[in-house]
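Before any comments, here is the structure.
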Number of protein chains: 2
Amino acid sequence: MLQTALTRSAVTAWSPALNTPQSRKNPFDALDTQGMRVTVKRGQELYAEGDDAAYCYKLLTGSLRLVKLMSDGQRQICEFLISGDLLGFESQDEHYFSAEAVTDAVLMRYPRRNAERLINEDPTAARFMRSLTSSNLQGAYERMVLLCHKSAQERIAWFLLEMADRSKTGGGTCVELPMTRSDIADYLGMVIETVSRVLTQLRQKGVIAMKSVNSILLIDRDSLEDIASAA
Amino acid sequence: MLQTALTRSAVTAWSPALNTPQSRKNPFDALDTQGMRVTVKRGQELYAEGDDAAYCYKLLTGSLRLVKLMSDGQRQICEFLISGDLLGFESQDEHYFSAEAVTDAVLMRYPRRNAERLINEDPTAARFMRSLTSSNLQGAYERMVLLCHKSAQERIAWFLLEMADRSKTGGGTCVELPMTRSDIADYLGMVIETVSRVLTQLRQKGVIAMKSVNSILLIDRDSLEDIASAA
DNA sequence: GCACCACATTGATTTGGGTCAAGGCGCGGT
DNA sequence: ACCGCGCCTTGACCCAAATCAATGTGGTGC
């Protein structure tokens with residue numbers, strides 16, 4: 001009976017930073033010639049939940065959030081995407097999330113039927129897509145565990161480490177957080193005040209420091225990891 | 001900007017009860033001739049997290065739980081499976097969950113490489129598998145919203161309705177809950193006492209009645225739906 | 001029948017984090 | 001420079017659900 005600690009390997013979408021052997025090259029790069037560039041400004045919506053899924057995208061620069069809205073106006077941020085991530089590859093004809101720009105962003109846009117044709121014709125692309133969806137699913141389950149069993153401190157610690165791991169500047173001790181406190185709260189299932197308080201606590205412990213509001217130094221990564229996986 | 005109420009359409013695995021046009025027939029039924037029957041007793045483990053994923057399965061009778069264990073001994077039940085559901089079709093070589101029997105269960109077991117061959121050779125099977133994984137992913141996100149934003153009452157109401165919808169006896173007002181309170185708690189991110197208290201509250205309101213501990217009558221389905229999607 | 005055991009219920013108490021309310025800080029516009 | 005606005009931080013208070021602690025119940029084996 002194997003026990004698993006909560007890992008941060010969650011891949012919200014395929015990311016070039018991840019060099020698992022079979023995914024070193026993204027077979028969907030072949031679509032680039034058929035795509036066109038689009039841009040979205042900070043705060044703008046790329047597409048809304050329920051929109052016709054005519055296109056799918058690759059994020060080139062900037063960052064996005066994938067959002068579900070609830071009838072009472074509450075918001076759940078399901079994923080943050082960073083450059084290199086793919087989105088809109090749902091297998092339904094409607095987008096399941098809204099996609100909104102966290103920062104100004106540039107994307108490559110492909111007609112979805114081209115992507116589908118590629119999936120149907122190229123077994124490598126098909127396998128790639130399966131393993132991508134499967135990674136996303138695993139990431140979602142990790143998050144579920146986080147939301148069910150982890151305290152505010154553990155969530156934030158885990159979030160900082162996840163962001164640090166995903167960012168291009170991999171090993172660096174400085175994490176840039178393009179999103180607001182409110183975005184973080186809606187991603188982790190907390191309120192903005194709690195996010196803020198926990199960051200203050202971590203700062204007072206000397207585990208992190210804040211270069212600026214959106215730029216956080218991981219002073220003591222080991223402690224942060226201890227906090228993230230505390231009993 | 002479309003707003004979505006939390007739906008209960010979550011499909012944890014493909015279920016024959018769901019008759020979306022393209023999935024009326026499960027293409028993996030073709031594997032039945034290559035499979036063999038296995039049984040697991042209540043409480044027994046079919047496979048553990050991290051086990052070599054040599055086989056995948058179709059649940060014929062009984063019910064299972066898919067579980068992740070945490071380093072501190074906490075448990076997250078990621079899905080409950082009922083007859084007709086598929087499991088173990090991960091695209092990795094190791095099982096991502098443990099699968100345990102909630103009740104005595106009978107399964108059809110297939111060598112995983114046969115399933116993979118089918119996926120690679122039969123585009124229908126491939127599409128089926130993609131839409132299955134995609135449904136699972138959407139179900140996981142629904143659960144995430146539930147865990148982030150819903151009260152104990154809302155969770156239980158939602159759970160009862162989900163169980164009612166999934167069970168074969170579809171429209172019936174009686175839900176059989178094969179799992180214990182502890183299982184329900186670990187599925188919904190609550191503790192067993194709270195599950196018990198909420199069920200008592202719903203009973204006192206006259207929304208449900210309990211034929212026995214594991215058999216619940218939905219007296220007033222409308223109220224239950226109101227509670228499940230309360231603002 | 002009775003004892004045992006696992007599971008469920010109920011009650012009393014505590015607490016983490018949500019809510020409400022009041023500033024603070026930084027940045028863009030005029 | 002100053003103002004205004006969006007975002008962040010901090011403090012005081014409160015409440016839903018967790019924890020701690022019995023007690024109830026139903027099924028199985030002797």
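Since we're looking at a predicted model, the values are computed, not measured.
- Of the candidates D:dC7, C:dC7, C:dG18, C:dC7 carries the atom nearest the B:Thr180 side chain, counting heavy atoms from C-beta on.
- Here CD of B:Glu154 is found 11.5 Å from CG of B:Leu224. Values are rounded to the nearest 0.5 Å.
- Applying ring-ring contact (aromatic ring centres under 6.0 Å, His included) to B:Phe28 and the options B:Tyr57, B:Phe89, B:Tyr110 leaves one that passes, B:Phe89.
- Summarising the geometry, the separation between CD1 on B:Ile184 and P on C:dC7 is reported as 13 Å, rounded to the nearest angstrom.
- For A:Leu147 and C:dG18, the CG to P distance is 12 Å, given to the nearest whole Å.
- Closest to the side chain of B:Ile192, from the set D:dA17, D:dC8, C:dT9, is C:dT9.
- At a non-hydrogen distance threshold of 4.0 Å, B:Thr194, B:Arg197 from residues 194-210 of chain B come into contact with DNA chain D.
- A cation-pi arrangement, defined by a distance under 6.0 Å to the six-membered ring centre and an angle within 45 degrees of its axis, is absent between B:Arg65 and B:Phe80.
- The aromatic ring centres of B:Tyr141 and A:Phe97 sit less than 6.0 Å apart.
- DNA chain C is contacted by both A:Glu193 and A:Ser151; A:Ser151 maps to the nucleotide lying nearer its 5′ end (nearest heavy atom per residue).
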Go along nucleotides 22-29 of chain D 5' to 3' and tag each nucleotide: B for a protein heavy atom under 4.0 Å from its base, S when only backbone or sugar atoms are that close, - otherwise. --------

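- Atom P of nucleotide D:dT9 and atom CE of A:Met190 are separated by 12 Å, given to the nearest angstrom.
- Salt-bridge annotation for A:Arg221 and A:Glu225: present, with a side-chain N of the basic residue lying under 4.0 Å from a carboxylate O of the acidic one.
- Judged by the 6.0 Å distance and 45° axis criteria, A:Arg109 is positioned over the aromatic ring of A:Tyr55.
- Ion pairing between a basic and an acidic side chain is recognised when a charged N comes within 4.0 Å of a carboxylate O; A:Asp220 and A:Lys205 show no such pairing.
- One atom, CD of B:Gln153, and another, P of D:dA17, lie 8 Å apart when rounded to the nearest Å.
- Atom CG in B:Asp183 sits roughly 8 Å away from atom P in C:dA8 (whole-Å rounding).
- Electrostatic pairing of A:Arg166 and A:Asp85 counts as a salt bridge here, judged by a charged N lying under 4.0 Å from a carboxylate O.
- Between A:Arg42 atom CZ and C:dC27 atom C1' the separation is 11 Å, expressed in whole Å.
- Between A:Asp183 and A:Arg75 a salt bridge is recorded (basic side-chain N to carboxylate O distance below 4.0 Å).
- Contact annotation for A:Gly43: no contact, since no heavy-atom pair falls under 4.0 Å across all strands.
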